[in-house]
Amino acid sequence: PREVAEAIVAELRNGLTNQISEVTVAGPGFINLRLTDAALITLAGQGIAQTYASRTIVTEYSDPNPFKVLHVGHLYTSIIGDVISNLIEVAGGTVHRTNFGGDVGLHVGRTMWAIIQELGGEYPEKLADVPENERSEWMARAYVKGTQAYDAAADNSEVKQAIIALNKRIYRLHADNDSDEIKTPFAQIYWTCRQWSYDYFDAFYERIGTPFEKYYPESGVAALGLQTVREQLAKGVYKESDGAVVFEGEPYGLHTRVFITSQGLPTYEAKDIGLIMKKWQDYQFDLSVVITGNDIVEYMKVVQKSVEQFAPDLVERSRHLPHGNVKLAGGTKMSSRKGNFLRAVEVLEIAAEANEKINGRQDEQASLGAIKYAFLKQRIGADIIFLPEESVSLEGNSGPYLQYAHARACSILRKSSDSSDTSSENSGIRLEEGLSAILDEGSIQAGGLFQADERTLLRKITEYPEVADKAVAEFMPHHICTYLYELAQIFNRFYEQNIVIGDEREAVRLQLVSQYADTLKSGLHLLGIAAPTKM
RNA sequence: GCACCCGUAGCUCAGCUGGAUAGAGCGUUGGUUUCCGGUACCAAAGGCCGGGGGUUCGAAUCCCUCCGGGUGUACCA
């Protein structure tokens, strides 16, 4: 290989362009090409490939159920879904961020049962007694109460029968909009409480910066799902079994799942089919990405396999992106201080407390950035272990480290415009002019292994579009995290070893710092993390 | 039982469309400041890449198998 490489290199050397300054053989037969400074400068100005240009993409994630609380899993999936959406957008795609949740189903029946108990009957006017800021908590308690009552009750007990009846009643509420049913006191309670849930969700999404374009309530897709499954039952895609309608997955190496219960109600499976049909009606998407926990992968395969039987094109345009669970050190699932699971807001509180403890300050921009970065820096798929104190630390691979690295660069840029009266002309100096001559190579610290010169920093900046492309192609945001951390490290080394303000190469270096800060900021924005100019 | 995911330094993770001496952070130990934000930087120690077999000139990466952990597996979502 070495000889072959040398032969190739000999040829290449004859055709060196202004893009490549040097060709060498290394190791057992590798060929190293060295780009010219001019080539690097060109590369640094390149944008992200528009691989999704003029394409419509529907993303769906978070998927909380009305009448229940947001837990840590919703936080994680919301953050991932938002970043995947961002990635598609910077690649030129038109993204519709959607959210799916169960506003019908047994869990709602259980909660409604407890709510009515709480109100002492079907008296919607009594809901006014619940203070606005306690609504979500009040409903969370009702959910727990209803669930406990249901689980404790015998099969044919009064409680269980009552809850099952409520569940059917709620379905009817949605199935027949013209009936008087929607005006009943019971219906008023239901609509009011459902709205409370959506208000609570919206407030939380706004707080963490992951907005949605549309909610798809299950009630809005149940009928379509039911109808579709019934049609395909007639065509033999689905089969009746013990009074239920199922899809038999075994011929495909999967398992059998129920789509319509023997009670005639659609399960989550049927609703999911209604959902994909509805999304298609609404958007005629080129791609539909559904982001969920990985406990649902087998389920999703069965649903998709069944759809493949009658709408293969829809399945072809669909992609399921599963992620793991958030856990605490030691591998145990995060558990709540108040119940048996950790709520989403509690994670925010934990990070804020850690920030206070480690850095002695309150700064939601930093603690939220810390959470997002901690969740995103790992490859999507496996469970992640959340270490609150490590996540907020300014030392190491953390969100706040990157925020600080950005603030620091901004400080330099600020100084340059403050201090010098000729500074306004600095912005007119083009990178090419300054850099084409020298890039301060080889200012290697005595005994050190790391170069921290202009060229090293510029070279790293040029990698940004490539990394973003890869993150887009794989739907893997962690590539961005890894890159940004390396970029910030190189900048910090550069900062340690080189003066910017007052140096004879100040103009060039300011351009470089400015370009670095822009790159870091773009990357952080992709991740949904604020890039403060001061901290 | 079957299916899927995971197993890389004490801890948390990159690297896995096979290629140069397996890389970071935390922690540990030891350093750095007449200078743009030291909330930073530099260095050292620390690895039979879970075990075994196979494919290949070459395997953390691909295949088989075993072990360990997680999840799912019919009327919940």
Side-chain angles (χ1 to χ4, degrees), chain A residues 1 26-30 32 63 65 68 101-102 104-108 110 150 218 241-250 253-263 265-269 271-272 293-299 301-302 322 324-325 327 329-331 333 358-361 366 374 377-379 381-387 389-391 393-398 400-401 403-405 407-416 419 445-450 452 478-479 481-482 485-486 488-489 491-503 506 509-510 513 534-535:
Chain A
F30 293 91
N32 290 330
D63 297 351
N65 288 328
K68 292 174 77 171
V104 286
L106 213 47
H107 66 285
V108 183
R110 294 192 295 244
Y150 183 85
E218 280 186 14
S241 173
D242 294 340
V245 178
V246 304
F247 179 77
E248 293 176 343
E250 283 74 10
L254 303 169
H255 61 274
T256 294
R257 296 197 72 96
V258 173
F259 283 66
I260 302 175
T261 69
S262 47
Q263 299 275 313
L265 295 178
T267 59
Y268 192 55
E269 286 83 338
K271 294 169 193 165
D272 234 357
N294 55 19
D295 51 338
I296 234 169
V297 297
E298 299 285 295
Y299 155 87
K301 282 181 188 168
V302 176
N325 295 311
K327 296 180 174 182
K333 236 177 180 170
I358 302 293
N359 304 315
R361 52 191 291 168
K377 73 175 179 180
Q378 278 174 58
R379 169 176 275 274
D383 291 347
I384 69 163
I385 312 285
F386 179 56
L387 305 169
E389 297 191 1
E390 196 169 294
S391 79
S393 173
L394 280 293
E395 295 168 27
N397 190 358
S398 73
Y401 173 93
Q403 290 177 322
Y404 176 65
R408 214 179 192 189
C410 289
S411 176
I412 295 176
L413 297 171
R414 237 183 348 256
K415 282 244 158 37
S416 80
S419 60
Q445 187 129 338
L449 294 172
F450 293 107
H478 77 287
H479 291 308
C481 296
T482 305
Y485 181 61
E486 290 168 358
Q489 268 186 319
F491 171 74
N492 279 331
R493 284 170 194 146
F494 176 82
Y495 181 92
E496 286 295 319
Q497 297 173 30
N498 303 281
I499 291 286
V500 176
I501 307 292
D503 190 88
E506 174 175 330
R509 289 183 176 169
L510 278 175
V513 171
K534 289 181 185 173
M535 284 180 81

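Each chain gets a letter, A, B and so on, in the order its sequence line appears, and its residues count up from 1.
- Residue contacts shown for A:Ala407 include a base, since a base heavy atom lies under 4.0 Å away.
- Between A:Arg509 and A:Glu506 there is no salt bridge, since no side-chain nitrogen of the basic residue lies less than 4.0 Å from a carboxylate oxygen of the acidic one.
- Nearest nucleotide to the A:Ile501 side chain, out of B:G72, B:U12, B:C36: B:C36.
- Comparing B:A9 with B:G52, their P atoms are spaced 16 Å from each other, to the whole Å.
- Within the shown strands, B:U73 is the pairing partner of B:G1 under the Watson-Crick or G-U definition, both distances less than 3.5 Å.
- Among the nucleotides B:C6, B:G15, B:C42, the one closest to any side-chain atom of A:Ala382 is B:C6.
- To the nearest 0.5 angstrom, A:Asn498 atom CG is 7.5 Å from A:Asp503 atom CG.
- Side chain of A:Met535, nearest nucleotide from B:G37, B:A74, B:C41: B:G37.
- Nucleic acid contact class of A:Asp295 (heavy atoms, under 4.0 Å, all strands): sugar-phosphate only.
- Look at the P atom in both B:G37 and B:G30: the space between them is 31 Å, to the nearest Å.
- Using a 4.0 Å heavy-atom criterion, one finds that A:Asp503 contacts no nucleic acid atom at all.
- Of the candidate nucleotides B:G25, B:C13, B:U73, B:U73 has the atom nearest to the side chain of A:Arg257.
- Atom C1' of nucleotide B:C76 and atom CD1 of A:Ile296 are separated by 11 Å, given to the nearest angstrom.
- There is a side-chain donor-acceptor pair under 3.5 Å between A:Thr256 and A:Glu250.
- Once rounded to the nearest 0.5 Å, the distance linking CD of A:Glu218 with OH of A:Tyr268 reads 6.5 Å.
- In this structure, A:Ile296 CD1 and A:Asp272 CG are separated by 7.5 Å, a value rounded to the nearest 0.5 Å.
- Proximity of A:Arg379 to the phosphate of B:G15: a side-chain N or O atom is located under 4.0 Å from OP1 or OP2.
- Comparing B:C64 with B:G27, their C1' atoms sit 39 Å apart, to the nearest whole Å.
- Of all nucleotides present, none satisfies the Watson-Crick or G-U wobble test against B:G46 with each distance under 3.5 Å.
- Of the candidates B:U12, B:A77, B:C36, B:U12 carries the atom nearest the A:Ile385 side chain, counting heavy atoms from C-beta on.
- The side chain of A:Arg408 contributes an N or O atom lying less than 4.0 Å from OP1 or OP2 of B:G38.
- Across the interface with RNA chain B, nearest-nucleotide mapping of A:Glu218 and A:Tyr404 shows A:Tyr404 to be the residue nearer the 5′ end.
- In terms of phosphate contacts, A:Asn397 brings no side-chain nitrogen or oxygen within less than 4.0 Å of OP1 or OP2 of B:A24.
- Rounded to a whole Å, the CD atom of A:Gln403 is 13 Å from the P atom of B:A40.
- Residue A:Leu394 places its side chain closer to B:U39 than to any other of B:U39, B:C75, B:A20.
- Note: A:Ile412 CD1 to A:Ile499 CD1 = 9.0 Å, rounded to the nearest 0.5 Å.
- Taking all atoms of both residues into account, the shortest heavy-atom contact from A:Val104 to A:Lys271 is O-NZ, 3.8 Å.
- Applying the Watson-Crick and G-U wobble criteria (two distances, each under 3.5 Å), B:G18 pairs with nothing in any strand.
- When the C1' atom is used for both B:G25 and B:G15, the distance is 15 Å, rounded to whole Å.
- The CD1-P distance, from A:Ile260 to B:A74, rounds to 18 Å in whole Å.
- Here B:C75 is the nucleotide among B:C36, B:A77, B:C75 with the atom lying nearest to any side-chain atom of A:Thr261.
- Within 4.0 Å of A:Glu395, counting heavy atoms only, lie sugar-phosphate atoms of the nucleic acid but no base atom.
- Annotation: B:A44 and B:C26 have their P atoms spaced 15 Å apart (nearest Å).
- For the pair A:Gln378 CD and B:C11 P, the computed distance is 15 Å after rounding to whole Å.
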Please walk me through it: do A:Ser393 and A:Glu395 pass side-chain hydrogen bond (donor to acceptor under 3.5 Å, both in side chains)? CA-CA 5 Å; A:Ser393 173; A:Glu395 295 168 27; 5.0 Å; no
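- When the P atom is compared between B:A24 and B:A45, the two are found 13 Å apart, to the nearest whole Å.
- Stacking between A:Phe30 and B:A20 is shown: the ring centroid lies under 5.5 Å from the centre of the six-membered base ring, and the planes differ by under 30°.
- Put simply, CZ on A:Arg493 is 7 Å from P on B:G25, counting in whole angstrom units.
- Nearest to the side chain of A:Arg361, among B:U39, B:A77, B:C41, sits B:U39.
- Checking the phosphate oxygens (OP1, OP2) of B:C4, no side-chain nitrogen or oxygen of A:His255 falls inside 4.0 Å.
- Contact check, A:Lys415 against B:G37: a side-chain N or O comes under 4.0 Å of OP1 or OP2.
- Annotation: the span from A:Gln378 atom CD to A:Ile385 atom CD1 amounts to 7.5 Å, rounded to 0.5 Å.
- As rounded to the nearest Å, B:U56 and B:G72 have P atoms that lie 41 Å from one another.
- B:G27 makes up no base pair with any nucleotide shown, lacking Watson-Crick or G-U wobble contacts both under 3.5 Å.
- At a threshold of 4.0 angstrom between heavy atoms, the contacts of A:Ser411 include nucleobase atoms, whether or not backbone atoms are also involved.
- Across all strands shown, A:Ser241 has heavy atoms under 4.0 Å from base atoms, whether or not it also approaches the sugar-phosphate.
- As rounded to the nearest Å, B:C4 and B:A43 have C1' atoms that lie 44 Å from one another.
- At the phosphate of B:G25, OP1 or OP2 sits under 4.0 Å from a side-chain N or O atom of A:Gln489.
- Residue contacts shown for A:Gln263 are absent, as no nucleic acid heavy atom lies under 4.0 Å away.
- Here B:C75 is the nucleotide among B:C75, B:C36, B:A74 with the atom lying nearest to any side-chain atom of A:Ala244.
- Using a 4.0 Å heavy-atom criterion, one finds that A:Tyr495 contacts the bases of the nucleic acid, with or without backbone contacts as well.
- If you check every strand for non-hydrogen atoms under 4.0 Å, A:Tyr485 touches sugar and phosphate atoms only.
- Checked by distance alone, A:Asn32 brings a side-chain donor or acceptor within 3.5 Å of a matching partner on the base of B:A20.
- Among B:G15, B:A77, B:C6, the nucleotide with an atom closest to any side-chain atom of A:His478 is B:G15.
- The distance from atom CG of A:Leu387 to atom P of B:C26 is 13 Å, rounded to the nearest whole Å.
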Worked verdict on A:Glu298 versus A:Lys301 for salt bridge (charged side-chain N to carboxylate O under 4.0 Å, His left out): CA-CA 5 Å; A:Glu298 299 285 295; A:Lys301 282 181 188 168; 3.6 Å; yes
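- Between A:Lys271 and the phosphate of B:A77, there is a side-chain N or O to OP1/OP2 separation shorter than 4.0 Å.
- Taking atom CG on A:Asp383 and atom C1' on B:G69, their separation rounds to 10 Å, with Å as the unit.
- Between A:Tyr299 atom OH and B:C76 atom C1' the separation is 11 Å, expressed in whole Å.
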